Structure formats: structure tokens, C-alpha cells
Amino acid sequence: LVGSPPEVASRVRHGGFLRDAELFESGSFGISAAEAAAMDPQQRQLLERGYAALHGARLTRAALLGGLVGVSVGQWASEFGSVLGRAPAGTSVYASTGFSCSVTCGRVSFALGLHGPCASYDTACSASLVASHGSVRALQRSECDAALSAGVNMILDPAAMAGNAVAGFTSVRGRSHTFDARADGYARGEAIDAVASRCADDAPSLVCVVGSAIRQDGRSASLTAPNGQAQQGVLRASLADACLEAGEVAVLEAHGTGTALGDPIEAGAVAAVYRSAEGALVVGSLKANAGHTEPGAGLAGALKLCVQLCGKGVSPNAQLRVLNAHVGAALCGT
């Protein structure tokens with residue numbers, strides 16, 4: 001990861017919600033006011049933050065134009081469609097491209113004239129990390145000279161909030177109590193994450209990505225339930241890809257949604273892979289501090305690790321008061 005400090009490329013406010021999300025310098029990207037009015041705020045913000053990340057990596061507009069630069073974006077179906085349908089801009093000629101997931105990543109490539117691979121990923125909460133994995137592989141295979149990895153999530157329609165609450169996904173207390181006995185669901189959050197990366201020998205790096213792996217849960221207790229064995233597999237696969245042993249890892253950013261089912265399963269997977277390693281393993285989750293930013297969550301957590309590595313400090317788990325007994329049992333292997 002190259003460029004300016006990670007916090008410059010990520011826009012996450014305390015409390016988990018973005019501020020000034022409606023603002024957009026449309027003229028900087030050759031976009032008219034009429035088109036901007038029909039654009040998903042996620043598209044607007046991703047253009048600005050994506051370019052900020054690339055600029056921080058010393059890639060100027062002139063250098064980007066026509067360059068082999070990839071764009072990978074983690075996003076799921078935008079809530080803006082229902083909002084746009086109730087607004088005058090919903091009848092605009094630009095409405096059809098205003099909230100499309102494929103257009104979100106395509107706008108960045110179009111506005112900056114990028115010729116590298118361009119794709120949006122919707123793998124739910126892992127979307128931005130899967131997008132980052134795509135960038136890593138594209139760089140390793142020389143499919144591009146530089147890559148922008150991003151994740152985006154904005155809460156734009158109260159109907160989605162109500163639906164999540166009815167399904168029992170969200171916390172009635174309004175917090176993600178990661179690994180805590182009070183864990184009862186997650187708190188939704190917003191984020192725009194953007195990271196510029198190049199091969200390590202091209203420029204000095206703030207952080208070096210040495211390995212990456214993705215897996216699927218496969219069959220588990222239900223469609224949305226995690227699978228501990230599969231989680232162990234992806235942890236081991238990432239270590240193997242990085243040519244590392246478990247004992248060489250000092251800090252781990254957990255998914256840590258703060259759910260009664262997910263937290264113990266994840267804790268058990270982490271313990272199974274790292275328990276025999278010498279030395280302490282620090283485990284935390286950004287969700288306890290800033291909420292669950294859903295498709296933007298993975299990359300937001302990675303950026304949190306970048307800040308910690310650059311600052312040589314580890315932030316505490318804000319909501320941990322009493323360890324969930326099931327998490328404790330999973331860590332002890334009982």
C-alpha cells in the first residue's frame with residue numbers, strides 16, 4: 001500500500017457515519033450538475049476518495065490517463081435507487097446509471113482514463129477484502145501496474161434499517177459488542193475506503209501486503225451462519241500464501257460482528273490456527289469502535305491495522321466489558 005497515511009484515504013467518522021456525504025466537486029471530474037444530482041452519493045464519494053488515494057501514491061492525473069491501473073470495488077445493492085425514485089432526478093436521463101454497482105467502479109476508470117481491470121464485488125460483508133484480493137492478484141500477474149481497492153457503504157433509506165432489525169441482525173443496544181457477553185447483533189455503520197497499491201519494488205511503501213486468500217463457508221447451519229472449519233482454512237491459506245508461520249503474526253483484525261453465534265465460531269477458528277504459536281496474539285475489531293460498515297468493513301479493518309502499524313499502537317476493543325463465555329470456551333478449546 002503506497003501513498004499518504006491510511007487515514008487520509010478512508011472516511012470513517014466516530015460513531016460510524018459519514019459527514020458531508022452529499023457534497024461533491026462534480027466539475028473536477030467533468031460531471032454536470034444534472035448528472036451529479038442523479039448519482040448515488042457512494043459514486044460521488046468514491047470518485048473523490050479514490051482519486052485522493054491514487055494522488056497520495058504520487059500518481060498524478062497526467063500519469064493516470066491511459067495508464068494500466070486497476071479498480072476493484074466492494075459494494076452491494078445501493079439503497080439510493082428507492083431514494084432516487086422519490087426525487088425529481090429520478091426521471092432524469094442519468095437515473096439509469098445513477099446507482100448501478102457496475103457503474104460505481106466504472107466511473108472511476110472513466111473519469112480518470114484508467115485502462116486496467118475494473119470490477120465491482122458483492123460478497124456481502126467481505127466484499128471490500130475480496131476486491132482487495134482481486135487487486136493483489138492482478139498486480140502479481142502483471143495485469144496492471146497499479147491498483148485501487150475500495151469499499152463503500154452508505155445508509156440512505158430507513159427501510160433497509162427496519163428490514164435488518166426485523167431479521168434480528170442488528171443490536172437492540174445500538175452497538176457491536178464484539179466478543180462481549182452483551183453481544184446481540186451489530187450496529188450498522190458507513191465507510192468509504194480507498195487504498196492505492198503497486199508492486200513493492202516500484203516505490204517506498206507504508207505497508208506491504210505479503211499474502212492474500214479467499215474462501216467460502218460452503219454448507220453450514222444456515223445460509224447466513226459461519227463455518228468454523230472454513231474459517232480455519234482461509235486463515236491457513238493466507239499464511240501459506242504469505243510464506244509465514246502462525247507465530248510470526250502479532251495482530252489480527254477479526255470480523256467480530258458482535259453476534260452470539262458468529263463471535264464464538266470465529267474465536268474458535270482463530271484459536272485453532274494460532275493457539276500453539278509462541279507469543280501473544282492481539283485480536284480486535286473496528287466494528288466495536290465504529291460499527292459494521294458491511295461491504296466496506298473488511299478494508300476498513302485493514303486500514304485500521306495500517307494506522308496501528310504506522311503509529312506503533314493498538315486500539316482497544318471499545319465494547320468489551322465481560323468476555324462472552326462461549327468465546328472464552330472457544331479460545332480455550334473446551
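All values below were derived from every heavy atom in this structure, side-chain atoms included, with hydrogens, water molecules and symmetry-related copies excluded. Predicted model only: the values in this text are computed from it and were never measured.
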**OP:** Please assess Val270 against Leu281 for the test side-chain contact (heavy atoms from CB on, under 4.5 Å), listing each intermediate value before the final yes or no.
**Re:** CA-CA 10 Å; Val270 170; Leu281 176 67; 3.9 Å; yes
**OP:** Show your reasoning for whether salt bridge (Lys or Arg N to Asp or Glu O under 4.0 Å) applies to Arg173 and Asp180.
**Re:** CA-CA 13 Å; Arg173 297 183 177 92; Asp180 191 87; over 6 Å; no
**OP:** Could you please spell out the steps behind the side chain to side chain donor-acceptor pair (under 3.5 Å) verdict for Ser126 and Thr123?
**Re:** CA-CA 6 Å; Ser126 63; Thr123 59; 2.8 Å; yes
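Residues Glu35 and Ser26 bring no donor and acceptor atom of their side chains to less than 3.5 Å of each other. Side-chain contact, Ser212 with His133: a donor N or O sits under 3.5 Å from an acceptor N or O. With 3.5 Å as the limit, one finds a donor-acceptor pair spanning the side chains of Glu294 and Asn153. With 3.5 Å as the limit, one finds a donor-acceptor pair spanning the side chains of Asp40 and Gln42. With no hydrogens or angles considered, no side-chain donor-acceptor pair links Ser128 and Asp193 at under 3.5 Å. A donor-acceptor pair shorter than 3.5 Å cannot be found between the side chains of Ser176 and Thr178. No side-chain donor-acceptor contact under 3.5 Å links Ser120 and Gln75. Between the side chains of Ser132 and Ser135, no donor-acceptor pair is found at a separation under 3.5 Å.
Counting heavy-atom neighbours within 6.0 Å of Arg175 CZ, excluding the residue itself, gives a total of 12 or less. Glu278 CD: 12 or fewer foreign heavy atoms inside a 6.0 Å radius. Heavy atoms of other residues, nucleotides or ligands lying less than 6.0 angstrom from CD of Glu248 number more than 12. Annotation: Arg141, atom CZ; neighbour count of heavy atoms from other residues, nucleotides and ligands within 6.0 Å does not exceed 12. Counting heavy-atom neighbours within 6.0 Å of Phe110 CZ, excluding the residue itself, gives a total of 12 or less. Under a cut-off of 6.0 angstrom, the local environment of CZ in Arg86 is crowded, with over 12 non-hydrogen atoms contributed by other residues, nucleotides or ligands.
Residues Pro226 and Glu266 have side chains not in contact (no heavy-atom distance under 4.5 Å, counting atoms from C-beta outward).
Of the inter-residue distances, the one linking Leu18 atom CG with Leu23 atom CG reads 11.5 Å to the nearest 0.5 angstrom. A distance of 14.0 Å separates CD in Glu190 from NE2 in His292, rounded to the nearest 0.5 Å.
When atom types are taken as modelled, the side chain of Arg215 and the backbone of Gln232 share no donor-acceptor pair closer than 3.5 angstrom. Remark: the backbone N or O of Tyr186 is not paired with any side-chain donor or acceptor of Lys287 at under 3.5 angstrom. When atom types are taken as modelled, the side chain of Glu79 and the backbone of Ala160 share no donor-acceptor pair closer than 3.5 angstrom. The closest donor-acceptor contact from the side chain of Ser238 to the backbone of Leu235 lies under 3.5 Å. A distance-only check finds no donor-acceptor pair linking the side chain of Ser92 to the backbone of Pro88 [under 3.5 Å]. Under a 3.5 Å cut-off, the side chain of Arg188 and the backbone N or O of Ile155 do not form any donor-acceptor pair. Under a 3.5 Å cut-off, the side chain of Asp122 and the backbone N or O of Ala124 do form a donor-acceptor pair.
With sequence neighbours left out, Tyr51 forms a ring pair (Phe, Tyr, Trp, His ring centres under 6.0 Å) with His55. His177 meets the ring pair (Phe, Tyr, Trp, His ring centres under 6.0 Å) test with no other residue; sequence neighbours excluded.
Placement of Val195 and Leu68 in two distinct hydrophobic clusters is found when ILVMFWY residues are connected by side-chain heavy-atom separations under 4.5 Å, directly or transitively. When hydrophobic clusters are built by joining Ile, Leu, Val, Met, Phe, Trp and Tyr residues whose side-chain heavy atoms come closer than 4.5 Å, directly or via intermediates, Leu286 is not grouped with Leu129. Val83 and Val152 fall within the same hydrophobic cluster, defined by Ile, Leu, Val, Met, Phe, Trp and Tyr side-chain heavy atoms under 4.5 Å apart, directly or through other members. The cluster map of Ile, Leu, Val, Met, Phe, Trp and Tyr, joined by side-chain heavy atoms under 4.5 Å apart, puts Ile31 and Leu64 in the same cluster. Linking Ile, Leu, Val, Met, Phe, Trp and Tyr residues whenever their side-chain heavy atoms come within less than 4.5 Å places Leu331 and Val283 in a single cluster.
If you chain together ILVMFWY residues whose side-chain heavy atoms come under 4.5 Å of each other, Tyr94 ends up grouped with Val93.
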